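Here is the structure we will look at, set down as structure tokens.
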Amino acid sequence: MEKILVLDFGGQYNQLIARRVRECSVYCEVKPYTTPISEIREFGPIGMIFTGGPNSVYDEDAPHADPELFRLGVPILGICYGCQLLAHHLGGSVVAAQSDAAREYGKTETFFDTSCRLFKGLPERGVTWMSHGDYMERVPEGFELKAHSAACPNVAICDETRGFYGVQFHPEVNHTEHGTDMIRNFLYEVCGAHGDWTMGDYKETAVRSIREKVGGGKVLLALSGGVDSSVAAALVAEAVGSQLTCVFVDHGLMRLNEGDEVEAAFRKWDINFVRANAEDVFLSKLAGVTEPERKRKIIGEEFIRVFEAEAKKIGAVDYLVQGTIYPDVIESGSGKAGAAVIKSHHNVGGLPDYVDFKEIIEPLRMLFKDEVRQLGRELGLPEYLVSRQPFPGPGLAIRIIGEITKEKADLLRLADFIFRDEVAKAGLERTMDQYFAVLTNMRSVGVMGDGRTYDYTLALRSVTTSDFMTADWTRIPYDVLDRVSVRIVNEVPHINRIVYDITSKPPATIEWE
Ligand code: XMP
């Protein structure tokens with residue numbers, strides 16, 4: 001398989017670069033800039049991309065490229081800091097921009113020389129996304145200038161003979177017009193890629209290697225019903241069938257019909273599917289608990305206990321499957337300080353203490369979320385599972401403000417279903433990244449028929465976001481909101497008022513608890 005190495009110099013868009021490469025059907029991995037040359041040789045990339053980074057190449061402690069990298073005979077695309085590294089190491093010079101004009105941030109009109117392989121077939125002018133305070137004062141020998149902006153004569157440099165390209169802007173971000181096309185040109189025109197990274201092929205390879213690894217062994221997996229654990233389960237099911245036991249812990253705080261849907265999706269495989277219906281246990285542990293973090297902790301712990309109890313019945317296994325995906329691997333591997341912990345996320349996937357297994361397998365470890373979904377489709381999982389919106393591990397528990405009761409969970413389940421149903425009927429699912437109902441613990445006066453009511457207020461929440469770190473509230477058309485509101489107050493008992501949450505994140509979070 002053809003591989004690209006994304007060499008990480010600390011830029012904030014590194015994952016995005018890797019995703020773009022994979023979107024172009026070429027496999028890539030992100031590795032730290034300190035990766036030894038021997039490991040890079042062994043990896044055998046057909047091309048390398050040097051990422052951006054927060055430093056200046058002339059800083060004392062700036063991360064530098066091993067000069068050997070330039071002698072591997074492998075094409076290089078340097079992005080932003082990566083571009084300045086090329087200039088710095090190959091005989092050019094980089095200085096702090098003297099004028100504000102040469103320091104470029106944001107959308108910048110840029111002019112391209114389309115005779116350069118990087119810009120082949122693209123328009124001669126377009127908007128690029130810049131974010132640099134340094135400037136290439138002198139371009140290294142053998143390099144030519146291939147793009148400019150009003151403020152900067154050397155927006156892109158290239159040495160076509162060696163296949164070295166550098167761009168000051170960020171082709172990986174959406175704000176850069178034709179950015180992905182430039183990356184594709186680098187991959188196909190410069191590195192000679194053939195596009196051999198497809199999920200169909202990956203499925204075959206992964207199934208084969210899981211079979212080889214597991215042999216006749218027993219495998220255990222905790223299924224949450226989320227995309228990652230479902231796809232991991234399907235992949236292992238495809239590979240080793242009846243040697244797999246999936247323990248699906250239904251905590252009773254799922255959405256309407258969710259448990260049955262998950263169970264149905266796995267009928268096609270001959271696996272040992274254990275559904276632990278633990279609603280009563282969870283609800284009794286949660287009785288009287290109002291504090292959100294406490295709810296999370298109880299659910300996280302109880303989940304593990306129920307899983308362990310089921311696992312004990314099965315006895316010793318050889319492998320435990322985890323649904324870790326590539327963004328988690330990149331984040332933990334690059335040693336970056338984690339973002340401040342706003343909420344503890346007790347998810348399925350935490351390691352149980354008393355399960356008897358020898359080794360963990362993580363079959364999705366190298367895949368991005370989009371790829372996981374695509375793999376799920378290849379494996380024949382239904383669309384409602386693979387394209388579902390994120391659903392928090394603690395489920396409806398953190399969408400029922402205050403104390404949780406079965407009655408409240410049932411009301412919320414129904415209201416949430418109606419909201420999702422109307423969104424689907426209006427064809428709006430793709431415009432909303434996460435949307436759900438929240439049962440507030442506020443009650444207010446209403447009238448129904450001739451009578452006065454004193455019932456719950458339900459909140460609708462919908463956000464549009466690419467990373468769930470920041471989010472904007474979705475501008476749902478009024479007529480859709482109206483239909484949702486009318487249906488909920490008519491069809492769900494004890495809800496007499498509907499409000500729509502119009503706060504972005506920050507300052508609000510996506511969930512209410
Ligand atoms: P917030 O509310 O922090 O949510 O803006 C960001 C994303 O995280 C999800 N979320 C959770 N997921 N366990 C999870 O598995 C949790 O405890 C949890 N809390 C929030 C939330 O649904 C959104 O997608």
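First listed ligand is number 1; within each ligand, the first listed atom is number 1. Keep in mind it's a predicted model, so treat the numbers as computed, not measured.
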Shortest reach to atom 23 (C) of ligand 1 by a heavy atom, considering only Q389, Q434, E293: Q434
Checking heavy-atom distances from atom 22 (O) of ligand 1 to each of E511, E513, K505, M469, the winner is E511
For E383, which residues count as a salt bridge (Lys or Arg N to Asp or Glu O under 4.0 Å) partner, sequence neighbours excluded? R377
May I have the list of side-chain donor-acceptor pairs in residues 283-290 shorter than 3.5 Å, sequence neighbours left out?
unit_1	atom_1	unit_2	atom_2	d
S284	OG	D280	O	3.3
S284	OG	V281	O	3.1

Below 30° counts as parallel, above 60° as perpendicular, anything between as tilted: where do the rings of F273 and F248 land? tilted
Go through ligand 1 atom by atom and flag the ones less than 4.0 Å from a non-hydrogen atom of P394. 13 (N), 16 (C), 17 (O)
With heavy atoms of G393 as the reference, note each atom of ligand 1 found under 4.0 Å away. 13 (N), 14 (C), 15 (O)
Evaluate R275 against N277 for side-chain hydrogen bond (donor to acceptor under 3.5 Å, both in side chains), listing each step before the verdict. CA-CA 6 Å; R275 178 165 172 183; N277 287 317; 3.1 Å; yes
Carboxylate-amine/guanidinium contact E511 R399, below 4.0 Å: yes
Would F468 count as being in polar contact with ligand 1, using the rule that some N or O on each side must be under 3.5 angstrom apart? no
